[in-house]
Amino acid sequence: MRSDTGTRTRVSSRRKEITYGKNTLGYDRYTRLVPKEKRSRQDPRTPDVTGKYSKRQFDGIVKAWRRRLHEWDPPADELGPSVVPAQVAAPPPAPAVAAARRRQRAGRSARDGPGRRLRPGPLRRPRAGRRERRGRRGRRGAGAGRRADAGRGSGPRARARRARTTDDDPRAKALAVRGGGMVEPATAIKASTAIFGLYAAQMLLVPKFMIEQNFKTVADPYTAFFARVCGLFCASYLYCINTLDASTALTISGVTTVLCSILGPVLGELRVDGIEPNTAHGAVYVLFPLLLGLHALAL
């Protein structure tokens with residue numbers, strides 16, 4: 001159905017263009033002097049409106065056909081006086097424009113004097129009064145203020161929503177009492193990246209050295225393999241906290257730091273599977289409390 005409707009619309013539009021070409025003096029003279037049975041291939045032929053042409057192709061065919069028809073236009077001596085197109089007069093100006101021109105001419109006459117000839121000049125818009133100009137400036141300022149308020153969300157609804165959020169959120173209350181975090185969240189995330197990055201680099205590059213320095217045992221290939229896997233997960237964790245937004249990354253980093261601060265020393269002191277911690281394992285008692293303090297100050 002859609003294709004049939006499009007075809008009918010296209011054919012109707014093409015017939016309209018053909019009708020414009022046939023309503024010319026050249027077409028009337030051509031059909032009168034050259035009957036259809038005496039026409040040759042060199043003579044202009046009416047384009048087929050049902051042909052499979054694109055719009056650009058059909059427009060080109062119609063343009064060439066109209067150009068050939070203009071060659072059959074009657075000479076000037078055959079045209080009667082009623083056929084010659086008359087000069088079209090310019091439309092009268094609008095009433096507002098005519099009134100403005102009259103006021104402008106009257107002002108020039110009063111300024112230049114009665115004996116001086118007026119020179120035509122451009123039509124100027126009447127200057128607005130002081131009160132009108134002041135009103136325009138006020139409207140523009142009010143519109144700009146409303147747009148700025150809409151962009152910042154500082155309307156009454158936005159202020160009420162922020163007030164409700166502050167009242168319902170205990171963390172927001174604590175921040176309001178304390179005056180906000182004392183450390184930027186980015187600082188805590190950078191410190192976490194540096195400390196965990198040191199452990200991840202050791203797990204990936206020198207897993208046996210890392211195991212033997214932290215525990216009194218001899219690392220075998222299987223233990224080194226699992227250490228490298230842990231280093232890969234640690235590197236993925238660091239990538240996540242450095243690509244997320246600051247608040248989400250601070251939450252994830254804080255929870256991870258708390259778990260590592262509890263599980264690392266506890267498991268080391270419990271001597272799980274009979275493995276005793278070595279000298280390098282004591283670094284967790286310095287590094288992780290520092291991380292915990294930075295995360296607490298960044299809240």
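Nothing fancy with the numbering, it's 1 onward along the sequence. What you see below is based on every heavy atom in this structure, not just the backbone, and it leaves out hydrogens, waters and symmetry mates.
- In plain terms, the two heavy atoms of M210 and N214 that are nearest each other are O-ND2, 2.7 Å.
- Taken from OH in Y239 to OG in S236, the straight-line distance is 10.0 Å, to the nearest 0.5 Å.
- The two atoms that bring A224 and P207 nearest to each other are O-CB, 3.8 Å, heavy atoms only.
- Taking every heavy atom of both residues into account, A298 and P185 meet most closely at CB-CA, 4.2 Å.
- Judged by distance alone, with hydrogens and angles left aside, the side-chain atoms of S13 form no donor-acceptor pair with the main-chain N or O of T9 at under 3.5 Å.
- By the 4.5 Å heavy-atom criterion applied to side chains, P47 and Y53 are not counted as neighbours.
- Grouping the Ile, Leu, Val, Met, Phe, Trp and Tyr side chains by contacts below 4.5 angstrom, directly or via other members, places F225 with F233.
- Across L291 and F196, no two heavy atoms sit closer than the pair CD1-CE1, 4.0 Å.
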Set out, in order, the CA-CA distance, both residues' side-chain angles and the distance that settles side-chain contact (heavy atoms from CB on, under 4.5 Å) for R39 and T31, then state yes or no. CA-CA 10 Å; R39 296 173 189 172; T31 54; 3.6 Å; yes
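- Separating the CG atom in L250 from the CG atom in D245 is a distance of 10.0 Å, to the nearest 0.5 Å.
- Judged purely by atom type and a 3.5 angstrom limit, T257 uses its side chain to pair as donor or acceptor with the backbone of S253.
- Considering only heavy atoms from C-beta on, D220 comes within 4.5 Å of T223 through its side chain.
- Cluster annotation: I241 and M203 are assigned to the same hydrophobic cluster (Ile/Leu/Val/Met/Phe/Trp/Tyr, side-chain heavy-atom contacts under 4.5 Å, transitive).
- The NZ atom of K52 lies 10.0 Å from the CZ atom of R10; values are rounded to the nearest 0.5 Å.
- S192 is listed as a side-chain neighbour of H295, based on a closest heavy-atom distance under 4.5 Å.
- Considering only heavy atoms from C-beta on, R29 comes within 4.5 Å of P75 through its side chain.
- Ionic pairing of D59 and K55 is present here: one or more N-O contacts between side-chain nitrogen and carboxylate oxygen are shorter than 4.0 angstrom.
- Annotation: the span from Y199 atom OH to L204 atom CG amounts to 15.0 Å, rounded to 0.5 Å.
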Please evaluate residues E17 and F58 with respect to the criterion side-chain contact (heavy atoms from CB on, under 4.5 Å), reporting the C-alpha separation (whole Å), side-chain torsions for both, the decisive distance (0.1 Å), and the verdict. CA-CA 10 Å; E17 295 184 17; F58 188 78; 4.0 Å; yes
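- Residues L33 and L69 are members of one and the same hydrophobic cluster, defined by side-chain heavy-atom contacts under 4.5 angstrom among Ile, Leu, Val, Met, Phe, Trp and Tyr.
- Side-chain N or O atoms of D43 include one that pairs as donor or acceptor with a backbone N or O of S40 at under 3.5 Å.
- Under a hydrophobic-cluster definition in which Ile, Leu, Val, Met, Phe, Trp and Tyr are linked whenever side-chain heavy atoms come within less than 4.5 Å, directly or via other members, I252 and L238 are assigned to the same cluster.
- Distance check, rounded to the nearest 0.5 Å: CD1 of I18 to CZ of R14 gives 9.5 Å.
- A side-chain donor-acceptor contact under 3.5 Å links Y30 to the backbone of P44.
- Residues Y20 and Y27 are members of separate hydrophobic clusters, defined by side-chain heavy-atom contacts under 4.5 angstrom among Ile, Leu, Val, Met, Phe, Trp and Tyr.
- Within 6.0 Å of atom CZ in R15, 12 or fewer heavy atoms from other residues, nucleotides or ligands are found, so the atom counts as exposed in its surroundings.
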